[in-house]
Amino acid sequence: MSVAVAPQYSCSDRIGPPGWGRRGRPPRHSYPRKSSGHDDWEREESLVMTLLTHWPLAGLRLTTPRLELRLPNLDDLTALASVAADGVHDPAVQPFTVAWTDVGPEQRARSVLQYHWRCWGEWQPENWELNLAVVRDGIVVGTQGIGARDFSVRREVGTGSWLGLAHHRQGLGTEMRAAVLHLAFAGLGAQHAVSGAYADNAASLEVSRKLGYHEDGIERHAVRAEPAVLRRLRLTAEQWQQHQLVPVKMEGLSECLPWFGLA
């Protein structure tokens with residue numbers, strides 16, 4: 001589990017338009033029905049195209065051998081909130097720089113919903129954070145984020161993620177981060193990716209090691225009123241090219257490039 005330079009709850013997740021169905025389309029009850037058959041199909045297709053015109057991020061897909069990463073629709077977001085309510089880490093530790101999990105299940109679930117909605121609304125090409133639902137065999141298992149400020153100039157991204165407890169220790173953390181690194185370096189032309197984890201977060205540090213990150217200094221934080229050391233990590237484009245462990249496919253990126261501050 002990664003701490004992230006922009007961890008959950010510094011505005012880094014994005015969602016699809018509320019009400020979309022599981023396949024990234026609006027549900028059939030989301031507009032008036034005056035006829036059936038071909039007319040309904042055409043109306044639905046027209047609505048999908050209109051929504052993608054206004055919010056092309058909803059069409060972005062990253063796929064790996066076991067996972068699909070996509071902008072959450074309302075169903076995905078509801079499932080993600082439930083995953084958070086069930087727990088995302090051992091309650092004896094706090095792996096995040098923002099302690100959003102140190103509350104009860106209902107508060108965790110609500111904070112996931114509010115955070116995604118807030119950050120969706122705050123998206124700007126010069127300051128964006130894309131957080132994707134991570135889906136395995138049709139089930140939402142966690143979220144993977146990637147964000148940047150002044151990306152067109154700095155060419156640097158930060159990442160952050162979490163998985164439901166039931167999905168730990170299966171190699172999914174490596175696979176989902178590899179997906180957004182492919183988006184960053186192969187899709188957006190990033191030159192650097194940064195992340196971070198507390199010194200006692202062995203799982204996150206191991207993911208970074210596998211993917212080629214190198215040490216980039218430390219930060220001292222206060223965690224539950226105790227001092228903690230955050231280990232910063234950095235990955236260059238050259239290092240990424242040498243550590244591509246997971247095949248990744250991208251869909252729908254070209255329409256999104258202006259949203260990332262790219263021509």
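Heavy atoms only: backbone and side chains are in, while hydrogens, waters and symmetry mates are out.
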Quiz item: Side chains of Phe96 and His89: does their closest heavy-atom pair fall under 4.5 Å?
Solution: yes
Quiz item: Side chain of His214, backbone of Gly212: donor and acceptor closer than 3.5 Å?
Solution: yes
Quiz item: Donor-acceptor pair, Asn73 side chain versus Asp76 backbone, under 3.5 Å?
Solution: yes
Quiz item: So which heavy atom on Ala84 is nearest to which on Trp162, and how close?
Solution: CB-CH2, 3.8 Å
Quiz item: Which pair of non-hydrogen atoms, one from Thr53 and one from Pro56, has the smallest distance, and what is that distance?
Solution: O-CD, 4.0 Å
Quiz item: With distance as the sole test, does Gln239 use its side chain to make a donor-acceptor pair with the main-chain N or O of Thr236 at under 3.5 Å?
Solution: yes
Quiz prompt | With sequence neighbours excluded, residues passing ring-ring contact (aromatic ring centres under 6.0 Å, His included) with His221 | solution = Tyr198
Quiz prompt | Side-chain donor/acceptor of His182 to backbone N/O of Ala186, under 3.5 Å | solution = no
Quiz prompt | Cationic N near anionic O, under 4.0 Å, Glu215 to Arg232 | solution = no
Quiz item: For the residue pair Val246 and Pro65, what are the closest heavy atoms and their distance?
Solution: CG1-CD, 3.8 Å
Practice problem: Would you check if Leu77 and Trp120 make a side-chain contact, meaning some heavy-atom pair closer than 4.5 Å? | Solution: no
Self-check item: Minimum heavy-atom distance Ala184-Ile146, with the two atoms named
Solution: CB-CD1, 3.7 Å
Quiz prompt | Nearest-0.5 Å distance that lies between atom CG in Leu235 and atom CG in Asp216 | solution = 11.0 Å
Quiz item: Are the charged groups of Glu156 and Arg234 less than 4.0 angstrom apart, N to O?
Solution: yes
Compile the donor-acceptor pairs under 3.5 Å between side chains in residues 252-263 and protein atoms, sequence neighbours left out, one pair per line.
none

Exercise. Please examine the side chains of Thr101 and Arg108, heavy atoms only from C-beta on, and report whether any two atoms are closer than 4.5 Å.
Key: yes
Quiz item: So, does Glu251 use its side chain to make a donor-acceptor pair with the main chain of Gly59 at under 3.5 Å?
Solution: no
Self-check item: Atom of Leu230, atom of Gly196 and distance for their closest heavy-atom approach
Solution: CD1-C, 4.0 Å
Quiz prompt | Within-4.5 Å side-chain heavy-atom neighbours: Leu172 and Leu67 | solution = yes
Exercise. Keeping the roles fixed (side chain from Glu175, backbone from Arg66), state whether a donor-acceptor pair exists under 3.5 Å.
Key: yes
Exercise. Would you confirm whether Thr174, through its side chain, and Val207, through its main-chain N or O, come within 3.5 Å as a donor-acceptor pair?
Key: no
Quiz item: Are Arg149 and Glu126 ion-paired here, with the side-chain N under 4.0 Å from a carboxylate O?
Solution: no
Quiz item: Honestly, is Arg177 close enough over Tyr213, meaning NZ or CZ under 6.0 Å from the six-membered ring centre and within 45° of the axis?
Solution: yes
Quiz item: With side chains defined as the heavy atoms from C-beta onward, is the minimum distance between Leu62 and Val180 less than 4.5 Å?
Solution: yes
Quiz item: So do the side chains of Val83 and Asp86 get within less than 4.5 Å of each other, counting heavy atoms only?
Solution: no
Quiz item: Nearest heavy-atom pair of His168 and Leu163: which atoms, and what distance?
Solution: NE2-O, 3.0 Å
Quiz item: Between Leu181 and Leu211, is any pair of side-chain heavy atoms under 4.5 Å apart?
Solution: yes
Quiz item: Between Gln170 (side chain) and Ala166 (backbone), is there a donor-acceptor pair under 3.5 Å?
Solution: yes
Quiz item: Counting only heavy atoms not in Arg224, do more than 12 fall under 6.0 Å of its CZ?
Solution: yes
Self-check item: Close side-chain approach of Arg70 to Leu60, heavy-atom, < 4.5 Å
Solution: no
